[in-house]
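Below you'll find the structure, written out as structure tokens, and then a few comments.
Start at 1 and go down the list; that is how both ligands and their atoms are numbered. These numbers were taken from a predicted model, which means no experiment stands behind them.
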Amino acid sequence: MTRPLLQMTGMSVELSAGPSRVDIISDVDLELNRGERLGIVGESGSGKSMTALAVMGLLPERMRVRGELLFDGRNLAGLSEAEYCGYRGRRAAMIFQEPMTALNPVKSIGAQIAEGRRLHLGESKTDAENKARALLDRVGLPAPRFDLDLYPHQLSGGQRQRVMIAMAIACEPDLLIADEPTTALDVTVQAQILDLIDDLIEDTGTALMLITHDLGVVSEMTDRIAVMYAGRIIETGRTDDVFARMAHPYARGLFAASPHGAALQPRREGEGRPRLNAIPGIVPDPFSRPTHCSFAERCSFAEADCRRAIPPLDLINTEGHAPHRAACFHPRERMVAP
Ligand SMILES: Nc1ncnc2c1ncn2[C@@H]1O[C@H](COP(=O)(O)OP(=O)(O)OP(=O)(O)O)[C@@H](O)[C@H]1O
Ligand SMILES: [Mg+2]
């Protein structure tokens, strides 16, 4: 068997706050194969971005990775800063929610796109600039309107996001991480940007880690899904399998609370637009997470055992193409004996 491109085993991200330590992400097992597309969803604060930043080696100060985090078989925790520089942009690249935070406002877009080619591939200035022109064209910003010497502030939000995508794919990385890449954009531009990402990774066989709140996007764009809650993966499997048989009450609630999920709920004739079902309560803060199931307080199916221990991410269905797992003592769907 070929080894996964990315492999997290018992990975936690620990934050030191004064004398205390707290796990922002706890005990995550996650794999991503070459060319595969993984969707990560979950409520705000559940640890999606920190998972992505851990993979990029860009965690905020005072946070560190425990457990295993392998990229192409190599432990990322062991990389020196110089090795990280060779890895970021070349092997793994990231698109952020707000392009202005990632683009350099005082550098032309051409210089920013060409930079990776020069740095990682040792290309000459002319070659790298030619490539930058081709990339701008590829992301839908053709010359002469979108010249290399434009600056980020001369572009719209959607255009800036396209520049960031051009930068991210400039060196044809093995892994592209997109963290809410379209949240800041209007809906028509959102669809265009997602189509663009879809096309580009299809062309190059790049693996995708897509973080989004939009379950409709996950169902269309990804092969596998991981649902996070309070720093843990609480349900994961093939996207089709998970959507067909959601097991964890939180995942089901998330689905019912999304326009995509609500639209799929059965409706009687004459009945209006379906209501979105909000999940009551809030995600517990990392400093006050319980030592039992962290969803128990919000869960209408919780029983006494849910308040005694943290449920393991157990196999609940062996029928699909890949293991479907959920971390719940009383899953709504279970196809294998506990
Ligand atoms: N720089 C930081 N210092 C300390 N704690 C942080 C920092 N950044 C994030 N956190 C905490 O880490 C936890 C996980 O945050 P993360 O940004 O990964 O959430 P998320 O799932 O990406 O949420 P969102 O959907 O809002 O982007 C949160 O409890 C957050 O408060
Ligand atoms: Mg985030």
Once you measure the plane-to-plane angle for His248 and Phe295, does it fall in the parallel (<30°), tilted (30-60°) or perpendicular (>60°) bin?
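Correct class here is tilted.
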Closest protein heavy atom (residue, atom, distance) for [atom]:
atom                    : answer
atom 26 (O) of ligand 1 : Ser44 OG, 2.5 Å
atom 7 (C) of ligand 1  : Met63 CE, 3.5 Å
atom 28 (C) of ligand 1 : Gly45 O, 3.8 Å

Is there a heavy atom of Gly42 sitting under 4.0 angstrom from any atom of ligand 1?
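No, Gly42 has no heavy atom closer than 4.0 Å to ligand 1.
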Identify the two heavy atoms, one from Leu38 and one from Thr222, that lie closest to each other, and give their separation to 0.1 Å.
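So the two residues come closest at C-CG2, 3.9 Å.
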Ignoring hydrogens, what is the shortest heavy-atom contact between Pro142 and Asp137? Give both atom names and the distance.
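Scanning both residues completely, I find the closest heavy atoms to be CB-OD1, 3.4 Å.
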Does atom 14 (C) of ligand 1 have a protein non-hydrogen atom under 4.0 Å from it?
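At least one protein heavy atom is under 4.0 Å away.
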Sub-4.0 Å protein heavy atom near atom 31 (O) of ligand 1:
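Flag for atom 31 (O) of ligand 1 set to false, no protein heavy atom closer than 4.0 Å.
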Ser49 heavy atoms, cut-off 4.0 Å: which ligand 1 atoms fall inside?
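Listed by number with element, the hits are 17 (O), 18 (O), 20 (P), 22 (O), 27 (O).
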How long is the straight-line distance from CD of Glu31 back to OG1 of Thr236, given to the nearest 0.5 Å?
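Nearest 0.5 Å value for the OG1-CD distance: 10.0 Å.
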When rounded to the nearest 0.5 angstrom, what distance separates OH in Tyr250 from OG in Ser294?
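Here the rounded value is 10.0 Å.
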Determine which pairs satisfy ring-ring contact (aromatic ring centres under 6.0 Å, His included) with at least one residue from residues 68-126, sequence neighbours left out, and list them in order.
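For residues 68-126, and leaving out neighbouring residues, the ring-ring contact (aromatic ring centres under 6.0 Å, His included) pairs sorted by first residue read Phe71-Tyr87, Tyr84-Tyr87.
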Within less than 2.8 Å, report the number of protein N/O/S atoms around the Mg ion (ligand 2).
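Step by step: take the Mg ion (ligand 2), keep protein N, O, S below 2.8 Å, and you get 1.
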At a non-hydrogen distance cut-off of under 4.0 Å, which region of Ser46 contacts ligand 1 (side chain, backbone, both, or neither)?
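Both of them.
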Is the contact between His213 and ligand 1 made by the side chain, the backbone, both, or neither, using heavy atoms and a 4.0 Å cut-off?
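For His213, only side-chain atoms sit under 4.0 Å from ligand 1.
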Trace of the salt bridge (Lys or Arg N to Asp or Glu O under 4.0 Å) decision for Glu129 with Arg117:
CA-CA 9 Å; Glu129 283 179 356; Arg117 305 279 307 183; over 6 Å; no
Any donor-acceptor pair under 3.5 Å linking the side-chain atoms of Asp186 with those of Thr188?
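Result is yes, a qualifying pair exists.
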